[in-house]
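All remarks here apply to the structure that follows.
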Amino acid sequence: MRIIDLRSDTVTRPSEAMRRVMAAAEVGDDVYGEDPTVNRLQEVGAELTGQQAALFVPSGTQSNLLALLSHCRRGDEYIVGQQAHCYRYEGGGGAVFGSIQPQPIDHCADGSLDLEQVARMIKPDDHHFARTRLLCLENTHHGKVLSLDYQRRTADFCRDRGLKLHLDGARLANAAVAGGHAPAAIGQLYDSVSLCLSKGLGAPVGSLLCGSRDFIAEAHRWRKVCGGGMRQAGILAAAGLFALEHHVERLAEDHVNARRLAEGLGEIAALRVDPATVQSNMVFVDCPAERQQPLMEHLREQGILVGGYGQLRFVTHLDVLPADIERVITACRRFFSS
Ligand SMILES: *Cc1c(COP(=O)(O)O)cnc(C)c1O
């Protein structure tokens, strides 16, 4: 039975073509800066995100952590969304390793942060308070795409107030494709950008942290401190290069699949899907609480895996085909009609 794994876009496996370029990658010791494939990936990543430089890191979590450590010092503060990955889902790394205080605020329904509320959270220059240094946005956030206009206004806002601006762009490529922009049109608005190669882009491992040359020099130091210096990492970087070359434009297919899934599930009376939230590759579905576990079990028996954290979560990616979407819709329909 073909398994359809919709729990996350992290579950993709490297294709044969990707494995071939990995096996053939030219490598060197990247801690000496001598891995030509890593160096090339970093150049391509910087250009892709509209930044001067980039650093290849093992994970998105480490990428966000290095951004916090590089922008902020002990006793500084970053303003961030309550549900943002770099606040909620990264073990409090900024506090653990950097003595950096988070100031979380609620997200707006569209995934943005209200700039008036951000303004109220900026601490006065007074020894009672932590120093507010940084604002972090996430795009996409739970599959929602921030508008370019909002991101421009946020960049202006931060410049006026002397704040740095970081983008957790784990799914920046999804945001760019969904909005019809080049990733650089988004990335260039930020002081730093983190991009995951291991989500919808389909590489097995790795993220890129992008920013100015000075910022990346600082992040490079912190990467070493965090144990993120890797040696012949070109094997992994080759997968990242392959992903950037072949798997960006095709994200549009994942978005079409997600919309089709939302439409199909929306026709099932017991399920509720808000089509407005399906802007990229994620579908969140409300299901009566007592039916959720039995539904997930029913799907699992048919080789369909989905996420369930309050709402059901279906994430499309390059290992999910249009025919799989129809199979999922049919399986859900059967469950509720039996
Ligand atoms: C997955 C994810 C990360 C972290 O990436 P890992 O490689 O899993 O550490 C950061 N931010 C967002 C928004 C993510 O979805």
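Both counts, for ligands and for their atoms, begin at 1 and track the order of listing.
Residues that satisfy the ring-ring contact (aromatic ring centres under 6.0 Å, His included) test with Y89, not counting sequence neighbours, are H85. For R2, the salt bridge (Lys or Arg N to Asp or Glu O under 4.0 Å) partners at least two apart in sequence or on another chain are D324.
Checked against the 6.0 Å centroid criterion, the rings of Y78 and H71 do not qualify as a close aromatic pair.
Side-chain contact between D286 and D274: absent, with no pair of heavy atoms (C-beta onward) separated by less than 4.5 Å.
For residues 215-228, the set of pairs meeting the salt bridge (charged side-chain N to carboxylate O under 4.0 Å, His left out) definition, not counting sequence neighbours, comprises D30-R223.
Within 4.0 Å of ligand 1, contacts by protein heavy atoms are made from S59, G60, T61, N64, H85, E90, E138, D168, A170, R171, C196, K199.
Judged purely by distance below 3.5 Å, without hydrogens or angles, the side chains of S63 and S194 pair a donor atom with an acceptor atom.
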